[in-house]
Amino acid sequence: MPDHDWDISPQEAMALQARLAERVRIEPLRGPVRTVAGVDCAYLGAGPPWAQPTDRRVVAVAVLLDADSMATLATACVVRPSAFPYVPGLLSFREAPAVIEAVGKLPERPDLLMCDGQGIAHPRRLGLAAHVGLWCDLSTIGVAKSRLCGRHRAPGRRRGCRTQLRLDDADAGARGQLVGAVVRTRTGVKPLVVSPGHRASIDDAVRWTLRCGRGVRLPEPTRRAHHHVSREKRRRGGQP
DNA sequence: GCGACAG
DNA sequence: ATCTTGTCGC
């Protein structure tokens, strides 16, 4: 596992990502998946887009669910300072510390973890899901509501349709490398961008995203984590 | 220099 | 991510 410093500059973070990405393992999930966890973050005291942040703290929630019934088995919540700014491509340096801590507070390690964001569908192959998976040595997949990089055709309009996501020629390293898929999780709605994080394959990412679906756009683990973290944010004072 | 740009 | 109510469509 990595064990690096999180308090570094954006320049150092980018260099670090390139090195860490070499250790990410894209391979089929092994062993039965009995539990799946979802994680999400919210920012305290963020205020309107035009206002300056009042409180620089992030709240992260991890939810553990039974992979068959999708029943909630446990939830964990953490609140901690977040110093790193949001920079496209460096999201993990802003959220991973909180996410890792929340997952660590769950009563048991999940067989699969779903993160809000990219896995290896990233300019340097180290999106949030890949970084967290590497750090915790867990199987992870990234489920994002929009694309960070790469090119793809529009998937069919029906639930279950998906197209390949390949890196742009501009992304250093692999030109046209297959890194994920754009999946229609619900007929007629905007598709999700999924990619493996660590110790999972692209097929696993697509399969579990659809398998955890409940007729709504977001898969249940992610959806539940989002609802829980939103409630937690309001309870702690969204605008101190 | 000009676009693109997870949450 | 964040602010915010009602409203249009299946």
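Chain letters run A, B, ... following the sequence lines, proteins first and then strands; every chain starts at 1.
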For atom CZ of Arg56(A) and atom P of dA1(C), their distance in whole Å: 18 Å
Applying salt bridge (Lys or Arg N to Asp or Glu O under 4.0 Å), name anything that partners Arg80(A), two or more places apart in sequence or on another chain. Glu101(A)
By the ring pair (Phe, Tyr, Trp, His ring centres under 6.0 Å) test, which pairs, at least two apart or in different chains, include something from residues 124-168 of chain A? His4(A)-His131(A), His4(A)-Trp135(A), Trp6(A)-His131(A), Trp6(A)-Trp135(A), Phe93(A)-His131(A)
Taking every non-hydrogen atom, the tightest pair across Pro196(A) and Ile202(A): CD-CG1, 3.7 Å
Applying salt bridge (Lys or Arg N to Asp or Glu O under 4.0 Å), can you list everything that pairs with Arg223(A), at least two apart in sequence or on another chain? Glu220(A)
If you look only at pairs with a residue in residues 33-51 of chain A, which of them pass as a salt bridge (Lys or Arg N to Asp or Glu O under 4.0 Å), with sequence neighbours excluded? none
Per-nt protein contacts along nucleotides 1-7 of chain B (heavy atom under 4.0 Å; B base, S backbone sugar-phosphate only, - none) come out as ---SBBB
Show, in sequence, the C-alpha distance, side-chain angles and deciding distance for Cys77(A) and Thr75(A), and conclude whether the side chain to side chain contact (heavy atoms under 4.5 Å, CB included) test is met. CA-CA 7 Å; Cys77(A) 178; Thr75(A) 66; over 6 Å; no
For DNA chain B, what residues of residues 193-213 of chain A have any heavy atom nearer than 4.0 Å? none
Select base, sugar-phosphate, or nothing to describe what Ala121(A) touches, counting heavy atoms under 4.0 Å on all strands. nothing
Touch class at under 4.0 angstrom, heavy-atom based, for His226(A) against every strand present: sugar-phosphate
Qualifying residues under salt bridge (Lys or Arg N to Asp or Glu O under 4.0 Å), relative to Asp137(A), sequence neighbours excluded: Arg199(A)
Report the distance from atom CD of Glu232(A) to atom C1' of dA1(C), rounded to the nearest whole Å. 17 Å
Classify every nucleotide of nucleotides 5-10 of chain C by which part a protein heavy atom approaches to under 4.0 Å, writing B for the base, S for the sugar-phosphate alone and - for neither, in 5'-to-3' order. ------
Applying salt bridge (Lys or Arg N to Asp or Glu O under 4.0 Å), can you list everything that pairs with Arg94(A), at least two apart in sequence or on another chain? none
Once salt bridge (Lys or Arg N to Asp or Glu O under 4.0 Å) is applied, what residue pairs with a partner in residues 12-28 of chain A remain, sequence neighbours excluded? none
Is the shortest heavy-atom distance from the side chain of Leu138(A) to the side chain of Val132(A) under 4.5 Å? no
If you measure from CG on Leu73(A) to CG on Leu64(A), what distance do you get to the nearest 0.5 Å? 5.0 Å
Could you name each residue pair satisfying side chain to side chain donor-acceptor pair (under 3.5 Å) that touches residues 184-195 of chain A, not counting sequence neighbours? none
Is there a side-chain contact between Cys41(A) and Val99(A), using heavy atoms and a 4.5 Å cut-off? yes
One should report the stems of DNA chain B, each a stretch of at least three consecutive Watson-Crick or G-U pairs at distances under 3.5 Å, as none
